[in-house]
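Note sheet for the following structure.
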Amino acid sequence: MKKILIVILAMVSALSLSACNGSKKEKLYIYNWGEYMDPEVIEMFEKEFKVKIVDDEYETNEAMYAKVKTGAINYDVVFPSEYMVNKMQEENMLEELNYDNLPNFTQYIDPLINETIYKLDDSSASDEKMDPRFSVPYFWGTVGILYNTTMVDEEVTSWDILFDEKYSGNILMQNSVRDVFVPPLKLLGYSINTLNETELSEATQMLIDQKPLVQAYVIDQVRDKMIGNEAALAVIYSGEALITKEDNADLEYVVPQEGSNIWFDAVVIPTTTQNKELAEKFIDFLYRPDVAKLNADYSGYSTPNTGAFDLLDAEVQEDPAAYPSSETIAKCEIFQYLGTEGEELYLAKWQQIKGK
Amino acid sequence: MNKKLLASPYIIWILIFTILPLALVIYYGFTAQTPDGIVFTLDNIKKISDPLYWKAFLLSARLSLLCTVICLILAYPLALILAKSGNGKKTLLVFFMILPMWMNFLLRTYAWLNLLEGNGVINTILQFFGIPKQQLVNTPFAVVLGMVYNFLPFMVLPIYNVLIKIDDSLIQASSDLGANKFVTFRKIIFPLSLPGVISGITMVFVPAITTFVISDILGGGKIQLIGNIIEQEFTFASNWHTGSGLSLVLMVIILFSMAIISKFDKDGEGAGLW
């Protein structure tokens, strides 16, 4: 028995020794969506600040949350969507940002976006907005319909085309609990944050009726499938839409007239951080106009950075799919965090649809 | 003592990566988060009786049974051929059998997606011959195909391993005593290969009934298996308690069905699993 203990001790000390040797350079652990940051940006930061960036990728907010929550890896910077920021904030998983360390943010943040998203004054109208202390926006955009003009000969203006039997087998929906409910809830004129059981059941019934028409519920495959002419209509994020258009000129993106979800992915520092100072340096670096432009070009999403916007091609600046008018934005809503019970309600409805 | 020492890395491994996670699954499975803190409950276990979950479970059971049967039918003759071929040929055939496993499982499944899609490779070939487009992907058929493709080697190899160990003199003795090839197979070869068949069934059935990746990729998210439900509980709802409870039920059902299967292995020569 003693010998076993000695072996264990030896192994543990060997492990801890090797852990010490490897950490000469400061390390920054970032956890980001796939294909969301130009690899050049990471290299630039590593060179300029003489640090090493370790970056991991995730596919859904929920997957990211689960991993950060366990604290298995001490991430310094993560990029949750707004509703996930609220959830993490509520569970005290986020560090408060010090704006004195973020001069680029203060200078370049688009005031319109900033005030649409964040609670900057005490009026009751802003109660549904976010607390600015814990996050800054990274990219923003909308959810809409991407359609193939060779397969759809009418003008797409409304979500109801997704429920049209004419396109049976040619519709792609999002395989994601909250996004999938946007089309029916907006068509019915309800809030996309509704917790009203009847409203949600109506939407659920619409999605159940729609299921035979749906080719597949997908997330990242939407892009490939639409480029490959596999489907006529797809629910998609605006940034993805822009990228697909580069590869298939027949694709068009539209934000339906009923309104939609306006989303943004934020940059936050989780409490797991071991190096908050470096994390803030990185966040401010992301707000440097040249860096923000690199990322905007790379990902195709809309930047909240006025300095970077000015550097973009005129074609992108004037594209209503990337930078919609303020009237369109007025009809859109941010996803609110619904609380554990609210989330479980949505999941139950979603499983009901998938189980049919 | 020396032997025990050698086993210690394995024991530590088992402790950290099997016993501890299992204990956590049991802990989460039997508890729930309430405003008053964590309390003991059976609700997570009972959730399997929810018609929605039960339906997903039955679908998983059906598809994975089908997959196991198809694998067995394909694998047994293949294993026989492998076992009986000459040494050089044998190595080559086994090599080809294992070769696809060197590639990542997800990549291989995505490759099937490209083959089966509406404008995929198979449909393009069909259309070239004037056959109309077939709906191949996003169907239960595609999911079973993906399972069979991914898990077939796990059926072939254990059966093959048992078959090559069968003493040739037993087969000679059988024909000396007047048995024809069929009788020899039925009375000698098949009973002796049962341990391999049983571990093959285990190694195919268990990953098949718990999969959620294959059904998501090849089923287009339209086919909801119990694995998908458990995955969603962990990822979408962050509800570790329900997820663990359902996992426990699944585990017990698998253990139970494996115990029944091993009853067929009368002499207790089963691969030492039970």
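Throughout, protein chains are lettered first and strands after them, A, B, ... in sequence-line order, and every chain is numbered starting at 1.
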- Give the C-alpha distance, both sets of side-chain angles, the deciding distance and a yes or no for side-chain contact (heavy atoms from CB on, under 4.5 Å) between B/D216 and A/Q221. CA-CA 11 Å; B/D216 248 355; A/Q221 295 165 39; over 6 Å; no
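- Taking both residues in full, the closest heavy atoms of B/W240 and A/A66 are given as CZ2-O, 4.5 Å, listed atom of the first, atom of the second, then distance.
- Both the backbone and the side chain of A/E230 have a heavy atom closer than 4.5 Å to some heavy atom of chain B.
- Residues of residues 51-70 of chain B placed with any heavy atom under 4.5 Å of a heavy atom in chain A are listed by number as B/L52, B/Y53, B/K55.
- Once rounded to the nearest 0.5 Å, the distance linking CG of A/L347 with CD of B/E233 reads 5.0 Å.
- Only the backbone of A/K356 has a heavy atom closer than 4.5 Å to any heavy atom of chain B.
- To the nearest 0.5 Å, atom CG of residue B/N119 and atom NZ of residue A/K225 are 10.0 Å apart.
- No more than 12 heavy atoms of other residues, nucleotides or ligands lie within 6.0 Å of CZ in B/F256, so this atom counts as exposed by the packing criterion.
- Counting heavy-atom pairs under 4.5 Å between each of A/Q352, A/E62, A/M64 and chain B puts A/E62 at the top.
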- Task: Determine, step by step, whether A/Q215 and B/K222 satisfy the side-chain contact (heavy atoms from CB on, under 4.5 Å) criterion, reporting the C-alpha distance in whole Å, the side-chain angles of both residues, the deciding distance to 0.1 Å, and the verdict.
- Result: CA-CA 8 Å; A/Q215 184 187 101; B/K222 291 177 89 177; over 6 Å; no
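- Side-chain contact between A/K354 and B/Q232 is present, with at least one heavy-atom pair separated by less than 4.5 Å.
- Interface remark: A/Q351 contributes backbone and side-chain atoms alike to the contact with chain B (heavy atom separation under 4.5 Å).
- Heavy-atom neighbours of A/E35 CD from other residues, nucleotides or ligands within 6.0 Å: at or below the threshold of 12.
- Proximity to chain B (any heavy atom under 4.5 Å) is shown, for A/D224, by neither the backbone nor the side chain.
- In this structure, the portion of B/N138 lying under 4.5 Å from any heavy atom of chain A is its side chain and not its backbone.
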